[in-house]
There are 2 protein chains.
Amino acid sequence: MTDALDHFDLKILGALQANAALTNQDIAELIGLSASQISRRRQRLEKDGYIRRYRADLSPQALGLAVTAYVGVTLGAHSRENARKFRNMVKAMPEVQEAHTMTGDVDYILKIVVPDLQALSRVINDDLLPQEAVQNVRSSIAMETLKDDNLLPLRYGQT
Amino acid sequence: MTDALDHFDLKILGALQANAALTNQDIAELIGLSASQISRRRQRLEKDGYIRRYRADLSPQALGLAVTAYVGVTLGAHSRENARKFRNMVKAMPEVQEAHTMTGDVDYILKIVVPDLQALSRVINDDLLPQEAVQNVRSSIAMETLKDDNLLPLRYGQT
DNA sequence: GTTCATGCGCAAGTTGTGTGCAAACGACGG
DNA sequence: CCGTCGTTTGCACACAACTTGCGCATGAAC
């Protein structure tokens, strides 16, 4: 009934993740289908959860957000309660773009975007370090960004 | 003449980066302006580079991409030529979502998304390590993703 | 060979977008 | 205090895009 992506679906997903401003007509011409089919397939792809949402990709530079940093956080005593507080804190921080719990010697990696180094310092010293759970914080700053497209590779295991 | 974002512009940017499927009419009602104004402002925001592009945000899980990893790469002899090759290689690898040159003891951080650990291993052993420039590779795998919205914080230094 | 399910394009109805226009507003100078 | 000018707004309309019903083609099951 549903599921299982064919060749057309993958092309639609690929086109939309690179440029969601494309009209159905554009995509139709691109992959050799009619606009109405694109519309129907797109609805299905949204309903089945392949497309999570549509986003405008803003320019950090234009908005004065010059500093991107990765911050590794190590928790001390892994008390349930303190860890929970830490996670909620992180979710509520607008400067944090991504947060993952990691394997290896660091418990969390945070991707942080701020206007300048002073703001980064403020985030680390005022928000992160005062947390009871936090034992250690190591930050590394992105000097140059080679690639930042966040495009998922779509060629795996399909038609 | 141009530049300088007012309160309305920030609200529009905020709404669109969270959900680009909103119509001008939706945003108009949200922030108390007419749809035509949203249209005009949006055009300006695009022209002035605040909005880079529109993207469909796909679900890695739905697409069978279960493994996200951060890979730290250290280059050996920093020969200009080998470094250049390394950067081009990275740009061409579809599994690499982000790549930054970093301050600190690691030269590059790569965000990599693949279907499984085997695929990660393949990327590291077949693509990364054989590079002449590469001296050392350390990878850390995301066990749980707390946050992954990539929403820029918009409240800095404006009206 | 018939039936059924699926996917297709076309065309029509609906919804959304963008521009001309006139009015409102604010800044500035007389 | 008032007029002028530039900017921003809402409205209305023309245009563009989206979506859905429909009939047809294709291919699998029996």
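Below, chain A is the first sequence line, B the second, and so on; all start at residue 1.
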Between [X] and [Y], does any side-chain donor sit less than 3.5 Å from a side-chain acceptor?
X: Tyr50(B); Y: Gln61(A); value: no
X: Glu98(B); Y: Tyr70(A); value: yes
X: Arg53(B); Y: Asn19(A); value: no
X: Asp148(A); Y: Thr145(A); value: no

Please state how far atom [atom1] in [X] lies from atom [atom2] in [N], giving the value in whole angstrom units.
X: Lys47(B); N: dG18(C); atom1: NZ; atom2: C1'; answer: 16 Å
X: Asp6(A); N: dT26(D); atom1: CG; atom2: P; answer: 18 Å
X: Tyr54(A); N: dG16(C); atom1: OH; atom2: C1'; answer: 16 Å
X: Leu33(B); N: dG18(C); atom1: CG; atom2: C1'; answer: 15 Å
X: Phe8(B); N: dT7(D); atom1: CZ; atom2: P; answer: 19 Å
X: Ile12(B); N: dT17(C); atom1: CD1; atom2: P; answer: 12 Å
X: Ile38(B); N: dT15(C); atom1: CD1; atom2: P; answer: 21 Å
X: Arg41(B); N: dG18(C); atom1: CZ; atom2: C1'; answer: 16 Å

Treating [X] as the side-chain partner and [Y] as the backbone partner, does any N or O pair qualify as donor plus acceptor under 3.5 Å?
X: Lys11(B); Y: Leu30(B); value: no
X: Gln17(A); Y: Arg55(B); value: no
X: Thr103(A); Y: Ile141(B); value: yes

One character per nucleotide, please: for nucleotides 12-21 of chain D, 5' to 3', B when the base has a protein heavy atom closer than 4.0 Å, S when only the sugar-phosphate does, - otherwise. -----SSSBB
Can you check whether Glu46(A) reaches Arg41(A) side chain to side chain, under 4.5 Å on heavy atoms?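 Of all side-chain heavy-atom pairs linking Arg41(A) with Glu46(A), none is under 4.5 Å.
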Quick check for you: to the nearest 0.5 Å, what is the distance between Ile27(B) atom CD1 and Leu16(B) atom CG?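 Between Ile27(B) CD1 and Leu16(B) CG, I get 4.0 Å after rounding to 0.5 Å.
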Between the opening five pairs and the closing five pairs of the helix from dG1(C)-dC30(D) to dG30(C)-dC1(D), how far apart are the helix axes, to 10°?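 The end-segment axes of the helix from dG1(C)-dC30(D) to dG30(C)-dC1(D) are tilted 20° relative to each other.
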